[in-house]
Amino acid sequence: MIADLENALGSAHVLTDPQLREGYERDWTGRFGAEAMCVARPADTAQVAAVVAACREHGAALVPQGGNTGLVGAGVPRGGEVLLSLARLDELGPVDPATAQVSAGAGVTMAALQEAAAAAGFEAGMDFAARDSATVGGLVACDGGGPRALAHGTARARVAGLEAVLADGTVVRRMHGLLKDNAGTPLPALLVGSEGTLGVITAVRWRLVPARRARVAALIPLETLEAAEPTLAVLRRELPSLEAADFFLDDGLSLVLEHLDRESPVAARAPAYLVLECAARSDPTEELAAGLEAAGIEDAVVADDTASRRRLWQFREAHTEAISARGVAHKMDVGVPLARLAEFITRVREVVEAAAPGARTILFGHLGDGNVHVNVLGPDPADEGVDVAVLELAAELGGTISAEHGVGVAKAAHLGLVRSAGEIDAMRAVKRALDPDGLLNPGAVLARVRD
Ligand SMILES: Cc1cc2nc3c(=O)[nH]c(=O)nc-3n(C[C@H](O)[C@H](O)[C@H](O)COP(=O)(O)OP(=O)(O)OC[C@H]3O[C@@H](n4cnc5c(N)ncnc54)[C@H](O)[C@@H]3O)c2cc1C
């Protein structure tokens, strides 16, 4: 197996030395990971197909990996698989201004994509804190979102086409970027959000958005989270330029301030905070001011230049990093209908306390999408008690157990909370049809079953 891979990639790109493999074997949270048989680092689609063919021939499972910023354990080995790193597929084509599209290799980072888009007068339409490492292939495989999904949708909305290697080594390619092409079942659409279980994405035709160079951000203290939904309802109507509406709570702010060694951005602390960003071709500051007035908001910290906006967003973005600095957190990325958000926030603390007395719960997320990141510090990483309690609550309130991070291995056993038996059967049928030997990312999304 190793010899076949070395023949295909060159021995420098088949890593068997434990020290060289190490960085690929543990995930960002520190909660998931195991030893790989080896790390294969192909340079192009043909080499990816060769790795997949070798795995098939030898009956070896493989785990695709991009930037290894995933938070649900699906981009790292479970034990003994070939770790297929797509990082070297980092070719970025020219931006086509007429279609507002660009072709990007699976290993292109979000930051590189953003930079190329900006140079051509466009934007990627997506941004989040892992931008320097998260890859286009990983974003699409997870159907990633982030704050700007409110305005531009998740990765699915950005995909105009893709290229992938299927489990039998077939290369499927739909990179012409035609907006209208309904000739049969859309395979690219099937691969978006499949978390490496149905095919290995090698390139993506990415849909850009026109650059909205004028931006203004605001941090708004909220006395109650119950106020968030009606406030957002007014802002969405009054602010056509609204691009992001995230939230965090006061205990999370304290953690971040300590971690960053910074002063509070607000003099009078509040139970919760909204972070808004408006983006337009011309300065949206007046529109924002009028929107805040219409929503009855008198107190807001406004940042209208790039440096101050970044500083303001840091209070929200640094949550993930600040939490990780405190230990290995249980991370549940759930979604709840906005009308139930305040109820979720109250009850989630109760269910965590019941499942793991004394545990620390930090909540933040993308308010506009009803997407809450529940982080629990304290319980043993292997103890799933709090995970189950939180996921059950999200399901009970009519939400989802996976909003943007994916199901991964972390939540595979709990898919039945939000998907019917019929839906899961259909997912298994698709998996069996495209990967009959179960070689692609086994155990991710669909829990292993003994037939
Ligand atoms: C600080 C921080 C902030 C974050 N914020 C957000 C956020 O706001 N919104 C959000 O959506 N996510 C967020 N994430 C999660 C993460 O960045 C995303 O899930 C991202 O999409 C993962 O990309 P990656 O390249 O790192 O993928 P990896 O972690 O390498 O892999 C993730 C999954 O995709 C599969 N995969 C990777 N590449 C391919 C490929 N080429 N073909 C097929 N399958 C593949 C893997 O097998 C795995 O299942 C954050 C993570 C961190 C660490």
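Both counts, for ligands and for their atoms, begin at 1 and track the order of listing. Computed from a predicted structure; not experimentally measured.
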Could an N or O of ligand 1 be found under 3.5 Å from any N or O of Gly66, whether backbone or side chain? yes
Below 3.5 angstrom, do we get any N/O pair linking Gly70 and ligand 1? yes
Which of the listed options, Phe128, Tyr24, Trp28, holds the heavy atom that is closest to atom 14 (N) of ligand 1? Phe128
Minimum side-chain heavy-atom gap Arg340-Glu229 below 4.5 Å: no
Looking only at distances, can you tell me whether any N or O atom of Gly144, backbone or side chain, sits closer than 3.5 Å to an N or O atom of ligand 1? no
Does Thr154 approach ligand 1 within less than 4.0 angstrom via side chain, backbone, both or neither, non-hydrogen atoms only? neither
Please list, in number order, the atoms of ligand 1 under 4.0 Å from a heavy atom of Leu86. 41 (N)
Using 4.0 Å as the upper bound for N to carboxylate O, is an ion pair formed by Arg131 and Glu317? yes
Looking only at distance, does Glu195 have an N or O less than 3.5 Å from an N or O of ligand 1? yes
Which residue and non-hydrogen atom of the protein lie closest to atom 32 (C) of ligand 1, and at what distance in Å? Cys142 SG, 3.7 Å
Any heavy atom of Ser194 closer to ligand 1 than 4.0 angstrom? no
Take the angle between the ring planes of Phe364 and His319 and call it parallel below 30°, perpendicular above 60°, tilted in between. tilted
If you measure every N/O of Ala129 against every N/O of ligand 1, is any gap under 3.5 Å? no
Would Glu277 and Arg316 pass as an ion pair if we require N to O under 4.0 Å? no
Part of Ala74 within contact of ligand 1 (heavy atoms, under 4.0 Å): both
Listed partners of His330 passing ring-ring contact (aromatic ring centres under 6.0 Å, His included), at least two apart: none
Between His13 and Glu6, does a side chain to side chain donor-acceptor pair (under 3.5 Å) hold up when you go through it step by step? CA-CA 7 Å; His13 294 296; Glu6 284 179 345; over 6 Å; no
Based purely on interatomic distance, does Thr320 place a nitrogen or oxygen under 3.5 Å from a nitrogen or oxygen of ligand 1? no
